[in-house]
Number of protein chains: 2
Amino acid sequence: MPGIGVVESQRIHFNEPLHLRSGGVLPSYELAVETYGTLNAAKSNAILVCHALSGHHHLAGHYADQPNNIGWWDNIIGPGRPLDTDKFFIVGLNNPGGCHGSTGPSSINPATGKPWGADFPMVAVVDWVNAQARLADFFGIDQWAAVMGGSLGGMQALRWSITYPERVRNALVIASAPKLSAQNIAFNDVARQAILTDPDFHGGHYYEFGTRPVRGLRLARMLGHITYLSNDQMGEKFGRELRNNAFSFDFDVEFEVESYLRYQGDKFAGYFDANTYLLMTKALDYFDPARLDDGDLVRTMARTHTDTNFLVASFTTDWRFSPARSREIVAALLANGRKVSYAEIDLNYGHDSFLMEDAHYHGLVGAFLGNIKL
Amino acid sequence: MPGIGVVESQRIHFNEPLHLRSGGVLPSYELAVETYGTLNAAKSNAILVCHALSGHHHLAGHYADQPNNIGWWDNIIGPGRPLDTDKFFIVGLNNPGGCHGSTGPSSINPATGKPWGADFPMVAVVDWVNAQARLADFFGIDQWAAVMGGSLGGMQALRWSITYPERVRNALVIASAPKLSAQNIAFNDVARQAILTDPDFHGGHYYEFGTRPVRGLRLARMLGHITYLSNDQMGEKFGRELRNNAFSFDFDVEFEVESYLRYQGDKFAGYFDANTYLLMTKALDYFDPARLDDGDLVRTMARTHTDTNFLVASFTTDWRFSPARSREIVAALLANGRKVSYAEIDLNYGHDSFLMEDAHYHGLVGAFLGNIKL
């Protein structure tokens, strides 16, 4: 099945200040946005896709002048695909604090005329949801047919169902968790410390020094990648294969897995903004909507709408956000009598499974979305 | 039960060159050594305890002038303890390449008159075993009553049973593995990259620059600690507890787990040598004795002595070297009809469990060693 083909992105300016959970304020902001398909007259066919740590608004297709720049979730979006653009109007955005065109740390701070850098206020998942609600208003969408995402994106879908229950007909929460574990936070903190202690970080104002904390960002990404993959998959993919069939007895690449990780780290460090990485990992750490209700997730899930349908999906080999974490969400929803489908999908790609093309997984998502009446 | 009390260490000089697996040579070398108990006339009561990544020769007791400097495995060694100093003569050493008194990267390279630094040759587990064999010769010990260790120390015990089968009556291989997984190597490589890319590393010759790659070493240790602890234990110990009971919305310590990790990282970076850290992690990565036999561990275990008794122990919550890895060793020994006891011990401390005082665990080790006829 052919994909969506050539797409375009747009930037939408919002003049109204965005008050953030941290107490900070964005006096005005821009969002980089892409849409696919056509919004129907009733505006009842819109799906919001929320991105994870390193994602952005370019979900699917490619730009006319960049044929190889394929959207990060292209395999699930397009005519006849689970997020069927013949039926739905799909919206992707880069969240505030991002580094792909939306207002973020590398944007100019109107108060100083210089890049925000470390002065960019801390953003939380609920802030993104608020910004996304304004984006819905911009399109005239009162209620999303669905809000969905994987990992940190799934947390946004969950937050939508809590904060704007009447505006979400369906929520798809994939490879996610109701809050991070101590181990999750620990991995994030090591990644942050790698960036924060890089001499090229300059307290977050590296833009002004003509440098970038490439070393720290590279380490952060290498570490991240270990946690995105399953132990088994790493074993099958790389094993103990040697790059040159023999030990070199030095600190260059010896094992194939080292080659892979360093390549991933270098690639990422070449384009991603370190301040955005810091903000995204903190948003992950902070996410814990049950704090609204003294830590009682069941009470928090009571805030969702009785009419909202949930699809919660997890992957058997995901040790970053294991199935047990998804089951916490499911149990809290069921305790409130909410309509929940839950799938524990047997895929070997660890946390990254949510990005993979798999007939069973995509069949589930397609069937769930196929049930939506417009 | 009181411990061993005041102990002393010694340095033993070896003039004979040590030819290393990497092709390098140590023209001469010193070993830092501690012993506890008394070697009997038949020299049949000696136990060698091999250290892991960051360990050393100071296993038990304390120095007269350092009452708080307790040996790292004090809880298992002493009169009436599992490694009973009333019965056994216990030997601990710092391996070559170490940074606790044995010849290592911070020692003077006789060829240059300057610290070895990055020119220190790569060392492998088998090199340590060879150095330990010479140490046995020094004491006149033809055959160890037992060789034991946890983690990387367990790999040395296993290597002893393969390389010097007639010199090992009992081998205790605890929380270990026959070789690292791709994920293990990946974690090690991120740690190494943190050190190697620290601007203060200076290609391993930082001693001459009056600096130390403290940032990289700190990150390496923080990351290591995550993998030493179990996910559950981290959750129970730290959960999502906040340092100041509220979000601070900055990059200082917010969660208790961050406080713990940064403290551990700072402490370690204050005393450990980065070049040694690099060498130890590479020795881990290289360890794969089945390479002797085209990867067939069963054939490799056939090299062990029919009279050697093995105790293989693993811990249920150890995800760094999981019980499955120990079972690989056990299966290969059993396939050769070797005498193996295997214990899968239910302790909540992850990989670090092997260092913990636990009645069941210590009872097992004590009973195994208690069976030794002198």
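FYI, side chains are in, hydrogens and waters are out, and symmetry mates aren't considered; it's all heavy atoms of this structure. Model, not experiment: these values are computed from the prediction.
Counted within 6.0 Å of CD on B/E236, heavy atoms from surrounding residues, nucleotides or ligands total more than 12; the atom is thus considered enclosed. A 6.0 Å sphere centred on OH of A/Y349 holds no more than 12 heavy atoms belonging to other residues, nucleotides or ligands.
The greatest number of non-hydrogen atom pairs below 4.5 Å with chain A, out of B/L196, B/D189, B/D250, is found for B/D189. Heavy-atom pairs under 4.5 Å with chain A peak, among B/G216, B/P199, B/G235, at B/P199. Of all the listed residues (B/D288, B/V257, B/N231), the one sharing the greatest number of non-hydrogen pairs under 4.5 Å with chain A is B/N231. When A/L242, A/L278, A/N184 are compared by the number of non-hydrogen pairs under 4.5 Å with chain B, A/L278 comes out ahead. Most heavy-atom pairs under 4.5 Å with chain A, from the set B/R215, B/E241, B/M222: that is B/R215.
The two residues B/M234 and A/A182 have their closest heavy-atom pair at O-CB, 3.5 Å.
In this structure, the portions of A/K179 lying under 4.5 Å from any heavy atom of chain B include both its backbone and its side chain. With a 4.5 Å cut-off on non-hydrogen atoms, A/Y286 touches chain B through its backbone and its side chain both. Interface remark: B/R21 contributes backbone and side-chain atoms alike to the contact with chain A (heavy atom separation under 4.5 Å). Contacts of A/L223 with chain B are made by both backbone and side-chain atoms, with heavy-atom separations under 4.5 Å. For B/N188, no part sits under 4.5 Å from any heavy atom of chain A, backbone or side chain. Both the backbone and the side chain of B/L219 have a heavy atom closer than 4.5 Å to some heavy atom of chain A. When heavy atoms are compared at a cutoff of 4.5 Å, A/F251 approaches chain B by way of both its backbone and its side chain. For chain B, the nearby part of A/E254 is the side chain; its heavy atoms alone come within less than 4.5 Å.
Under a cutoff of 6.0 Å and an axis angle of 45°, A/R291 and B/F247 form a cation-pi pair.
Here A/I185 contributes atom CD1 and B/E256 contributes atom CD; the two are 11.0 Å apart, rounded to the nearest 0.5 Å. Note: A/R192 CZ to B/E258 CD = 5.0 Å, rounded to the nearest 0.5 Å.
With contacts defined as side-chain heavy-atom distances shorter than 4.5 Å, the pair A/L229/B/Q183 does not qualify. Annotation: side chain of B/L261 is not in contact with side chain of A/Q193 (no heavy-atom distance under 4.5 Å).
Note: A/F187 and B/F187 have parallel aromatic rings, judged against thresholds of 30 and 60 degrees for the angle between ring planes.
Distance alone, capped at 3.5 Å, is enough to place a donor-acceptor pair between the A/R240 side chain and the B/L180 backbone.
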